[in-house]
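The next block holds one structure in the form of structure tokens; read it before the comments.
First listed ligand is number 1; within each ligand, the first listed atom is number 1.
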Amino acid sequence: MTLYPKLILDALSTVRYPGNGKNIVEAEMVADNLRIDGMKVSFSIIFEKPTDPFMKSVVKSAETAIHTYVSKEVEVTITTESKQAARPEPGKLLPQVKNVIAVSSGKGGVGKSTVAANLAVALSKLGYKVGLLDADIFGPSVPKMFQVEDARPYAEEVGGRDLIVPVEKYGIELLSIGFFVSPEQATLWRGAMASNALKQLVGDAKWGELDYFVLDTPPGTSDIHLTLLQNLAITGAVIVSTPQEVALADARKGINMYQNDKVNVPILGLVENMAWFTPAELPENKYYLFGKEGTKRLAEELNVPLLGQIPIVQSICEGGDNGTPVALNEDSITGQAFIELARNVVEQTEKRNAEMAPTLIVQTHK
Ligand SMILES: Nc1ncnc2c1ncn2[C@@H]1O[C@H](COP(=O)(O)OP(=O)(O)OP(=O)(O)O)[C@@H](O)[C@H]1O
Ligand SMILES: [Mg+2]
């Protein structure tokens with residue numbers, strides 16, 4: 001039997017690409033590198049994206065088609081190509097970003113998003129280039145906290161890849177799943193979908209040259225945290241807690257997740273949020289609603305810095321709700337508290353970078 005190109009192409013034209021229902025020859029997915037050498041046949045199939053979900057099944061069907069319509073004896077070698085360049089490997093993502101800071105807690109509702117947003121604003125006020133990624137796929141806060149709920153980021157081609165352009169507000173680059181899907185939609189997602197979406201927000205976005213890339217993480221120690229640790233070399237974690245016992249117990253869990261010997265992300269320090277309440281009419285009085293200095297004691301016990309104490313103030317809550325983080329106003333007492341926090345984060349990050357090797361990503365074991 002003599003093989004010739006038409007025989008192979010006819011067989012391949014029985015294979016449909018599920019994405020558009022066309023056969024792969026008609027869809028011009030068979031590259032013009034078809035080589036025939038005796039009973040050996042080799043060629044490439046071209047896909048739009050390196051992550052095409054049908055890649056494996058199309059390759060398998062092409063091989064089967066040749067065996068079925070030409071001969072079982074044909075030795076088929078198929079390689080795949082994609083029009084778009086591949087996303088860089090985990091660990092090689094965002095080389096233009098100097099420091100990645102994860103804002104975490106164990107417990108929900110203690111003020112991670114508030115601290116992350118105001119830390120980002122305060123760092124930017126200090127003159128750094130800042131990005132903020134809302135990694136809370138199931139409960140995004142960034143669109144509301146920055147009053148950019150209506151933003152719909154577009155994609156731009158960079159180096160053969162389509163990259164999402166972050167939204168800019170107050171000089172900070174922002175991305176959140178909230179820009180792409182409604183919260184109700186996202187809550188129906190399985191873990192793998194959430195993890196993929198997060199990978200795209202990190203690896204398929206046009207983040208600029210950033211001094212600080214702040215991550216607002218979801219409550220607890222979830223799969224989302226693992227996805228972050230597997231894809232980004234996190235410079236250090238900032239742990240937020242209220243002074244309350246239950247919050248402190250959960251803060252320990254959060255700290256343990258980063259300190260685990262397979263993870264090894266340094267803890268830059270703790271933030272005591274809702275440290276006390278001061279009524280506007282009695283500025284001297286501090287009321288310790290959640291207990292006094294619990295987070296400060298935990299920091300001493302664990303021998304990590306206390307990066308800041310943030311009081312409970314109505315304007316912090318309102319600033320979050322109406323899209324103007326209080327740190328924008330450097331003259332306010334709350335603005336001062338966040339600027340002080342940002343200074344301490346910078347100091348601890350620089351100390352960490354001088355004393356320790358860069359963080360490595362957590363490897364996935366297959
Ligand atoms: N220091 C503060 N003073 C007044 N209100 C605050 C303060 N910190 C946070 N809040 C308010 O408390 C609520 C919870 O805060 P936030 O959303 O930042 O918590 P979170 O830890 O990110 O929550 P989640 O776990 O749901 O992500 C918000 O309404 C926020 O405005
Ligand atoms: Mg939050």
Side-chain angles (χ1 to χ4, degrees), residues 101-122 132-147 149 174-179 183 186-187 194 198 201 214-225 228 237-244 246-251 253-255 257 270-280 283 286-296 306-329 332-342:
I101 310 289
V103 178
S104 262
S105 69
K107 195 169 162 5
V110 296
K112 286 173 297 298
S113 299
T114 304
V115 168
N118 282 287
L119 173 63
V121 169
L132 174 60
L133 172 65
D134 187 350
D136 196 343
I137 300 285
F138 298 115
S141 313
V142 162
K144 185 161 184 57
M145 298 192 81
F146 284 80
Q147 212 181 23
E149 288 123 307
L174 306 169
L175 272 184
S176 168
I177 197 68
F179 295 145
T187 44
L198 184 58
L201 295 180
V214 179
L215 312 175
D216 178 10
T217 70
T221 50
S222 65
D223 283 2
I224 292 289
H225 290 93
L228 286 171
V238 168
I239 307 291
V240 181
S241 182
T242 65
Q244 202 183 359
V246 283
L248 293 168
D250 284 354
K253 288 186 204 153
I255 292 168
M257 172 181 68
L270 306 191
V271 179
E272 184 165 81
N273 188 31
M274 310 193 191
W276 58 78
F277 167 73
T278 300
K286 289 180 177 176
Y287 297 93
Y288 296 93
L289 303 186
F290 296 119
K292 195 175 175 189
E293 301 188 329
T295 317
K296 189 175 170 200
L306 181 69
L307 299 165
Q309 288 178 299
I310 314 293
I312 300 176
V313 184
Q314 198 176 337
S315 62
I316 294 183
C317 188
E318 285 168 0
D321 285 344
N322 66 22
T324 52
V326 288
L328 289 169
N329 181 0
S332 65
I333 296 188
T334 46
Q336 286 292 331
F338 283 113
I339 295 281
E340 164 88 12
L341 167 65

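- With hydrogens left out, the protein atom closest to atom 31 (O) of ligand 1 is Cys317 CA, 3.3 Å, a heavy atom.
- Considering only non-hydrogen protein atoms, atom 9 (C) of ligand 1 sits nearest to Thr114 OG1, 3.4 Å.
- Remark: ligand 1 atoms within the under-4.0 Å shell around heavy atoms of Met274 are 8 (N), 9 (C), 10 (N), 12 (O).
- An N or O contact shorter than 3.5 Å links Gly109 to ligand 1 by distance.
- Of all protein heavy atoms, the one lying nearest to atom 20 (P) of ligand 1 is Lys112 N, 3.4 Å.
- The single protein non-hydrogen atom nearest to atom 8 (N) of ligand 1 is Asn273 ND2, 3.0 Å, given as residue, atom name and distance.
- Every atom of ligand 1 with a heavy atom of Pro311 under 4.0 Å away is listed here by number and element: 1 (N), 2 (C), 3 (N).
- Residue-to-ligand polar distances keep Val115 apart from ligand 1: every N/O pair is separated by 3.5 Å or more.
- Here Asp136 has side-chain heavy atoms under 4.0 Å from ligand 1, and that is the only part of it that gets that close.
- Where the criterion is an N or O separation shorter than 3.5 Å, residue side chain and backbone included, Ile316 fails it with respect to ligand 1.
- At a heavy-atom cutoff of 4.0 Å, ligand 1 is contacted by no atom of Ala116, backbone or side chain.
- Counting heavy atoms closer than 4.0 Å to ligand 1, residue Val240 contributes nothing at all.
- At the top of the distance list for atom 4 (C) of ligand 1, counting protein heavy atoms only, stands Val313 O, 3.1 Å.
- Atom CG in Asp250 sits 10.0 Å away from atom CD in Gln244 (nearest 0.5 Å).
- Looking at Gln314 next to ligand 1, no N or O pair under 3.5 Å apart turns up.
- Rounded to the nearest 0.5 Å, atoms CG (Asn118) and CD1 (Ile339) are 9.5 Å apart.
- Shown in contact with Gly108 at under 4.0 Å from a heavy atom are these atoms of ligand 1, numbered in order with element: 25 (O).
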